Amino acid sequence: MGVRLASDERLAPLAGRTPAIATLCSHSSLQIFHGARAEGLPTIGLCVGPPPKFYDAFPLARPDRFLSVSRVADLPSTAARLREEAAIIVPHGSFVEYLGPEAFASLDVPVFGNRAVLGWESDRRKERDWLESAGVPIPRLYEDPDEVEGPVIVKYYGAKGGKGFYLAKNREALAEFRPTGPYVVQEYVLGTRYYMHFFYSPITDHGYRLSRGSLELLGMDRRDEANIDELYKLGAQEELLKAGIRPTFVVTGNVPVILRESLLPKAFEVAGRIIERSVELFGGMVGPFCVEGIMTEDLEYKVFEISTRIVAGTNLFISGSPYSDFIEPGLSTGRRIAREIRRAQAEDRLAEILS
Ligand code: ATP
């Protein structure tokens, strides 16, 4: 038996029942419902206002039932009903973002994964400590602007939706920055971005083994980001600034990518270290997560962020990816989540994957 994340009381509504998979109708919900259905689990779509009509367009991914509330803040009030239905909430980025990490963490319903991770992800400094103490290469943080060498990216605390970044190509350009709130100054890493979709299962004892459990790579994407991605077409940054155009990193879509095969050991090593350290720090980051970083020309992978749950980039791979096809053809992250739940229940190990 590994680390217990959920109390008996939390798991009581699931005893002897087929669990239902519930999530907020947004982000990667189609994939989560589709995967649950493929594993024979019932599904509940949580929505704000009437059920979104676009679900009717996707019959294989439409939840079996909807549970509507009039405001996001009312979502916690569905807890009693969800417990009655033996529901397990699967978090995704929008769910946590809309509800807020504190409200999400206190939901009185079994949640897939370890909700303790929220406190580590939502605080940039804590996330950095986690990565740094795991021995993962990360972009340099400048406490003193006089130490700046080369280009930097300035990030405000709680920057949302890819806006509110400031790029400076050197120390002199940074001196012109006029902050409007608390921020950090990071080395701007030059290279190619890779967003790697991993899945950590503490209850699997084969495959790529960690101290406990195992690690799977299910896919990889790169985000399309407006307006930075195409900004070069307009010429140099200074000229753009004169014209009042500032770079933004608003995610507008995702494209599939693969890594040079010789770099895969590095990818697994980085993800493995992040997991091993998470087990020491807070009992482990269970289920899907995304390692987001930049491969430099020296083939060093510097991680600027981890998303600690399913990311929208996995929506590219609902019928498998060039990686998950080597595990099981057609395996999506959504299906992998449902599979983990089914297996844990069959082996009486739900306490290790739910919280
Ligand atoms: P989210 O939480 O929505 O993923 P965020 O606001 O936390 O975004 P980051 O993910 O840290 O922001 O960064 C947004 C984008 O900025 C990245 O996708 C990447 O394109 C770019 N970026 C971030 N940090 C760096 C860095 N150190 N060097 C180069 N580019 C960076």
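Side chains are part of it too, since the values below use all heavy atoms of this structure and drop only hydrogens, waters and symmetry mates. The model shown is predicted, which means the values in this text are computed figures rather than measured ones. For ligands, and for the atoms within them, numbers begin at 1 and follow the listed sequence.
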For this session: Please confirm whether Glu187 comes within less than 3.5 Å of ligand 1 when only nitrogen or oxygen atoms on both sides are compared.
Result: yes
Problem set entry | Residue list, side-chain contact (heavy atoms from CB on, under 4.5 Å) with Leu210, at least two apart or on another chain | Tyr200, Tyr208, Leu215, Ile275, Glu276
For this session: Have a look at ligand 1 and work out which part of Arg124, if any, has a heavy atom under 4.0 Å from it: side chain, backbone, both or neither.
Result: side chain
What are the atoms of ligand 1, with element, lying closer than 4.0 Å to any heavy atom of [X]?
| X | value |
| --- | --- |
| Glu225 | 15 (C), 17 (C), 18 (O), 19 (C), 20 (O) |
| Pro139 | 27 (N) |
| Ile294 | 28 (N), 29 (C), 30 (N) |
| Arg223 | 4 (O) |

Exercise. So with a 6.0 Å cut-off around CZ of Arg171, is the heavy-atom count from everything else above 12?
Worked result: yes
Problem set entry | Enclosure of Lys169 NZ (heavy-atom neighbours >12, cutoff 6.0 Å) | no
Problem set entry | Pairs involving residues 247-269, ordered by first then second residue, that meet salt bridge (charged side-chain N to carboxylate O under 4.0 Å, His left out) (sequence neighbours left out) | Glu269-Arg273
Problem set entry | Nearest candidate to atom 13 (O) of ligand 1, where distance is taken over non-hydrogen atoms, out of Phe165, Tyr188, Tyr195 | Phe165
For this session: Rounded to the nearest 0.5 Å, what's the gap from CZ on Arg128 to CD on Gln186? Could you check?
Result: 6.0 Å
Problem set entry | Pair Arg277, Ser133: side-chain N/O donor-acceptor within cut-off below 3.5 Å | yes
Exercise. Is ligand 1 less than 4.0 angstrom away from at least one heavy atom of Lys155?
Worked result: yes
